[in-house]
Amino acid sequence: METNTVISIKNLHKSYKNGVAVNHVLKGLDLDIKSGQIIGYIGPNGAGKSTTVKILCGILTDFEGDIKVLGMDLRTQDLDIKKRIGYIPENAALYDTLTPSEYLQFVGELQGMEEGDIQTKTARLLDLFEMKSHADERMNSFSKGMKQKILIISGLIHNPDIIFMDEPLSGLDANAVIIVKRVLQQLAREGKTIFYSSHIMDVVEKISDRIILIDNGVVLADGSYAELNSEADNESLETLFTKLTGNSGHSETANEIINVFEN
Amino acid sequence: MVNFIIRIIRLFKGLFTMMGVDYQQLECILRVKLTMDNRRGFSTSTKKTDSSNQLLLQSFVYAIIGVFIGILIDSMDHTFTAYTMVFSMIMVMIAMLMISEFSVVLIDTRDNAILLSRPINSRTMTMAKLLHIAIYLLHLSLSLSIASLFFTVIDYGIVAGFLFLFMVFLSTLFTLFLTNLFYLGLMRFVNGEKLKDIMVYFQIGMAIIFMGAYQLLPRLIEVNDLYNSQIKVEWFTYLIPSCWFAGSITALTTSVYSLSSILFVLLALFVPLVSLWLIIKYLSPKFSQRLSQMDAVASKPEKRKTQKAHRLRYSDKLAQLLTQSSVERTSFKMIWKMSGRERKFKQTAFPAFGYIFVFIALMVVKDFGNEDKIASLLASKRYLLFIYFIIFAAFAVCMNIIYSDEPKSSWFYSSMPISKPGDILSGTIKALLAKYVWPLYVIIGGPILYFWSYKALPDLLYALVSITVITSFVTVMQSKALPFSKERLSQDSGDNFIKGILMMISAGLIGLTHWGLTYIEYGVMLGLPIMLAFQYLSFRYIKRINWKQIED
């Protein structure tokens, strides 16, 4: 299978201004991502993961640096890029007074899909995610996991080339997690690129072809799990994560918490 | 209804496409937004209500208000002045509505994750938002101007009626532009939570100004002066938008086409259309950008100023002084802090504080400058009325403290080892009295003591106790719900109305009792210990409330 660069990030900077305070979140990020890869994008809270994803999806537009997605410039060709990417956000952001059928129809239309195509794909995907019987129920009564399934379908329905996922498995039951993991692996085999941002290390460890660890707006580690594993003397990804992010004193903290109750 | 609106919008498809809007996407977004409004009640409202009924009721109220505006056209001699006043009122009301009711739609960050990642250009996005708001605003501005339209047709004919309608449409459009500009300016300096805070205070201010203007203006302006007044065309009238629309109608109705009237017509036609174009072309990308920023910044922890140390100590001391059990004390401190931070609470309860001053001003304003009337005021016991107005504010804070947008957050009450929930209620009531009611008592009671001297002191003391008694008693009688534990539902509205009437009657009775006591020698002084006993009994009753009596 031919692999080429689908995302190219050069010297990406991003700051948030809040009054006079400036929070420099991304500090010169450089990344090249090939097609057909599953990228595990990990880092502690506030590392800049969601900000990177939001920038790549065209949600945050005021950044510094050069970004090319699918060979197109993100600043000038954002609409063309958005037609070919899918975004599954962290929070279940849905119009939940709609039914899944109505919501997916809405998303399909915005993505410029044909009417028949929307209906076929909606029916198939709802069935595969075991949501067919809920297709015409309003989503405000859905559990977190059910909403998450609809979010995943809405990110996949238009058959995007790159799928950006921000904690996509949160709230899903064990069966759905297995399905999503297999779907991701199958999509990657078909040449799709998955940009997967998560805190759940063992899932990242198992499904990612390449793991990128960021903290404080810069890349700390980048490579396959095997490469990172050998660099870290065959330690788990979790151990590597805590070492590189400078948070290795977890046992001491846990002991101190216990001590609070003992004293 | 949704289909009808969409069909009307479809008529302007060419215009939208010319502006660079993707019409298919625009229709798709609007259809979904209107469908959602129909299902949950208008999106700004937390009430689960039938939105069409709510909108119909609102339209009816606006049509009634519109009659008072429309009468100006029929009764004023000077056409230009009459229409200038009509358009000024319509535009001010639309701007107020826009800020108080529709801001939530304009700065809805929920759309960010759903729409911003889709291939929708910023012009389509902004146009969808503006149209969504404009549909409701036009509905209300038309209700507001229906009486004016009637008088215009009667006085000046059908053509003038059509022109008037067109001018209402343009003025609504222009108001929309101005408020949009206002928000963009505001978002330049403040972000996320602060913007929401500012909006709440703006809404409170608007409610008070609206009430004040509604009550005070007719009393301040002599009716004859108003009917005979004339606005002369000067250079600055060209800067007043309502004059443009008024000038255009005047030109048609009087058939006088002077240079000034042509200028007015040109301004009325072009400025709203150019401003719409400006919004789509230049402001919309900036607006989308700021919205996405707002969401991102809101997700970052924001350093909020907490209460100053000395104020913390002040509330702690009050808690020590006024409460007995630890649960009551904790409840006191929590309500002290939370009531000052909960936006919905402030938005619903705080306007009552402003209304009180409006009512007092209303009663005093006519006597200003008339020494005899001032002397008779000071000789009377009218201050009793002023001090009992406080009950409005007391009821407003106590009635609204039970409501929250996040009622589920109150799960912790039942998970805590609290045997007597009555302690939570008494702590809540004491905190509300100490933070809101008693300071208001000092603000109103201080001047009373100054103007009426020490003779008013027994009455003030008695009023303090009786206000405290009635507030605490009525609060638990109307609802035994824990603070911030209930969702505001539309079906509560009717219920609350009846409760409100009963509360007002009880407040009236307690005021009348006080007034009656003033006719008995030492009556007030003798009544004071009885009231103190009532106060003791009412708090004892509240503290004994058990879990079975607590409303879910």
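Proteins come first, then strands; the chains are lettered A, B, ... in the order of their sequence lines, and each starts at number 1. The basis for the numbers below is simple: all heavy atoms, side chains too, and nothing from hydrogens, waters or symmetry mates. Since this is a predicted model, take the numbers as computed values, not measurements.
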Checklist outcome for this item: Shortest non-hydrogen pair, B:Asn121 vs A:Leu79, comes out as CB-CD1, 3.6 Å
Item to check | Spatial distance of atom CD (B:Gln25) from atom CZ (A:Phe106) [nearest 0.5 Å] | outcome: 9.5 Å
Next on the checklist: Under a 3.5 Å distance rule, please check whether A:Glu109 uses its side chain to pair with a backbone N or O of B:Cys28 as donor and acceptor.
Outcome noted: no
Checklist entry - In terms of heavy-atom contacts, does CZ of A:Arg124 have more than 12 from other residues, nucleotides or ligands at under 6.0 Å? => result no
Item to check | From B:Ser117 atom OG to A:Ile81 atom CD1, the distance as rounded to the nearest 0.5 Å | outcome: 13.0 Å
Item to check | Interatomic spacing from CD1 in B:Ile120 to CG in A:Leu110 - rounded to 0.5 Å | outcome: 4.5 Å
Checklist entry - Where on B:Ile29 is there a heavy atom nearer than 4.5 Å to chain A: the side chain, the backbone, both, or neither? => result both
Checklist outcome for this item: The interface call for A:Gln105 against chain B, heavy-atom contacts under 4.5 Å, is neither
Item to check | Enclosure of A:Lys121 NZ (heavy-atom neighbours >12, cutoff 6.0 Å) | outcome: yes
Item to check | pair B:Arg118-A:Cys57: side-chain heavy atoms closer than 4.5 Å | outcome: no
Item to check | Interface residue of largest heavy-atom contact number with chain A, from B:Leu115, B:Asp22, B:Leu116, B:Ile114, under 4.5 Å | outcome: B:Ile114
Item to check | Shortest non-hydrogen contact between A:Leu98 and B:Met36, atoms and distance | outcome: CD2-CG, 3.7 Å
Next on the checklist: Can you tell me which portion of A:Phe164 sits under 4.5 Å from chain B's heavy atoms? Options are side chain, backbone, both or neither.
Outcome noted: neither
Item to check | Side chain, backbone, both or neither of A:Ser50 within contact of chain B (heavy atoms, under 4.5 Å) | outcome: neither
